[in-house]
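These notes are about the structure you will find just below.
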Amino acid sequence: MTPIEVYNDIYVKRDDLCFEYPAPPFSKCRGLLMHLAKLKKQGYKYIGYTETSISMAGWGVAWACQELGLTAIIFDPQYKDTPEVLKYHRKQWKKFNPIILPIKAGMAAVNINICKQWLKQDYPTNSIMLPLGLPFEETIEATAIETNITLKKYKTKKFPTIVTCVGSGTIVAGILKGATYDNISRQLYGVMTRSGDVKIKKNKILSKAGIIDGELFKPEIELILINPGWEYTQKSLVSCPFPCHSYYDLKAWEWLIKNRDKLIEPILFWNIGH
């Protein structure tokens, strides 16, 4: 179980510490390892991923592939002015000897289709392209288990309020699924790291968690999505007493600090990465 630290009476779940360096400080790696292990058993050897300007996913894929004896192929977007975080991530990729192929920077959803064709052309029988954001069922299940264990250990706190950031919605779906076990009323605030349609995003998260939000079944935990209007490549600049990813988790921490007086305490802040 990853630790909980306390800062100004806010309980911080340091799930970014799920693996030691040189793995990325990124809790999606739990499910990523399990997913890639399954792909290896199915005969895949080459694992493709189209990276974005600020994501740690490529680092995670490169690390996990080396752990499992697979070959990572990272499609590396080229920018006129390369973001500093991407420069840092590239240095991390190289530690695991992936194949790095430069591509034109552009919309990730378009690039992934181009890269998928490229991958199949060069490795037609034993390669697969991973989806953007690594939205794996294994990650949801692993996060649900971690949530369940954490809430049981801290059952006297009950944590009526849980706050986390939302990107693809995979981690928050796992928290939602894992936090319904004890029938304690909670509010789970998911702070979106990029602007989008709140209703569509919420429905996707509920579906991932296997929860019906309506008359058939109403879980004790209420998912409340917050859209502060962030751009994907815009980062939060607020100070934070623990390591926190400025493009993801820190946006949720900033919202929490600004809105703490409206939340029921004790509060659990779920830190995914740093």
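Numbers here simply count residues along the sequence, with the first being 1.
Qualifying ring-ring contact (aromatic ring centres under 6.0 Å, His included) partners for His35, counting only residues two or more places apart in sequence or in other chains: Phe136. Partners of Tyr154 by ring-ring contact (aromatic ring centres under 6.0 Å, His included), not counting sequence neighbours: none found. With sequence neighbours excluded, the residues forming a ring-ring contact (aromatic ring centres under 6.0 Å, His included) with Phe159 are Tyr11, listed by chain and number.
For the atom pair CD1 of Ile140 and NZ of Lys177, the computed distance is 7.0 Å after rounding to the nearest 0.5 Å. Note that CD1 of Ile73 and OH of Tyr49 are 15.0 Å apart. Values are rounded to the nearest 0.5 Å.
Aromatic ring pairs are classed by plane angle as parallel below 30°, tilted from 30° to 60° and perpendicular above 60°; the pair His245 and His89 is tilted.
Residues Leu206 and Lys202 form a side-chain contact, since some pair of their non-hydrogen atoms from C-beta on lies under 4.5 Å apart. Within the 4.5 Å cutoff, side-chain heavy atoms of Met129 are placed close to those of Phe75. By the 4.5 Å heavy-atom criterion applied to side chains, Pro77 and Pro102 are not counted as neighbours.
Residue Phe242 belongs to a hydrophobic cluster whose other members are Tyr7, Ile10, Val12, Val163, Tyr189, Val191, Ile224, Ile226, Val238, Leu250, Trp253, Trp255, Leu256, Ile257, Leu263, Ile267, Phe269, with links defined by side-chain heavy atoms closer than 4.5 Å.
Residues Gly31 and Thr139 come closest through the heavy atom pair CA-OG1, 3.2 Å.
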Just list the side-chain donor-acceptor pairs under 3.5 Å for residues 114-122, sequence neighbours left out, or say none.
unit_1, atom_1, unit_2, atom_2, d
Trp118, NE1, Asp122, OD2, 3.2
Lys120, NZ, Ser127, O, 2.7

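No path of Ile, Leu, Val, Met, Phe, Trp and Tyr side chains, each step under 4.5 Å between heavy atoms, connects Ile200 with Tyr232, placing them in separate hydrophobic clusters. Side-chain heavy atoms closer than 4.5 Å link hydrophobic residues (I, L, V, M, F, W, Y) into clusters, and following such links, possibly through other members, connects Ile112 to Tyr123.
Residue pairs meeting the side-chain hydrogen bond (donor to acceptor under 3.5 Å, both in side chains) criterion with at least one partner in residues 235-244, sequence neighbours excluded, are Ser236-Glu254.
For the residue pair Lys199 / Asn203, no side-chain donor-acceptor distance below 3.5 Å is found, with atom types taken as modelled.
The main-chain N or O of Ile171 is never found under 3.5 Å from a side-chain atom of Lys28 such that the two would form a donor-acceptor pair. The backbone N or O of Ile74 sits nowhere less than 3.5 Å from a side-chain atom of Glu51 that would complete a donor-acceptor pair. The closest donor-acceptor contact from the side chain of Arg30 to the backbone of Glu141 lies at 3.5 Å or more, if one exists at all.
Of the candidates Leu36, Thr71, Leu33, Leu32, Cys65 forms a side chain to side chain contact (heavy atoms under 4.5 Å, CB included) with just one, namely Leu36. Tested against Asp249, the residues Cys165, Pro243, Cys240 include a single side chain to side chain contact (heavy atoms under 4.5 Å, CB included) partner, Cys165.
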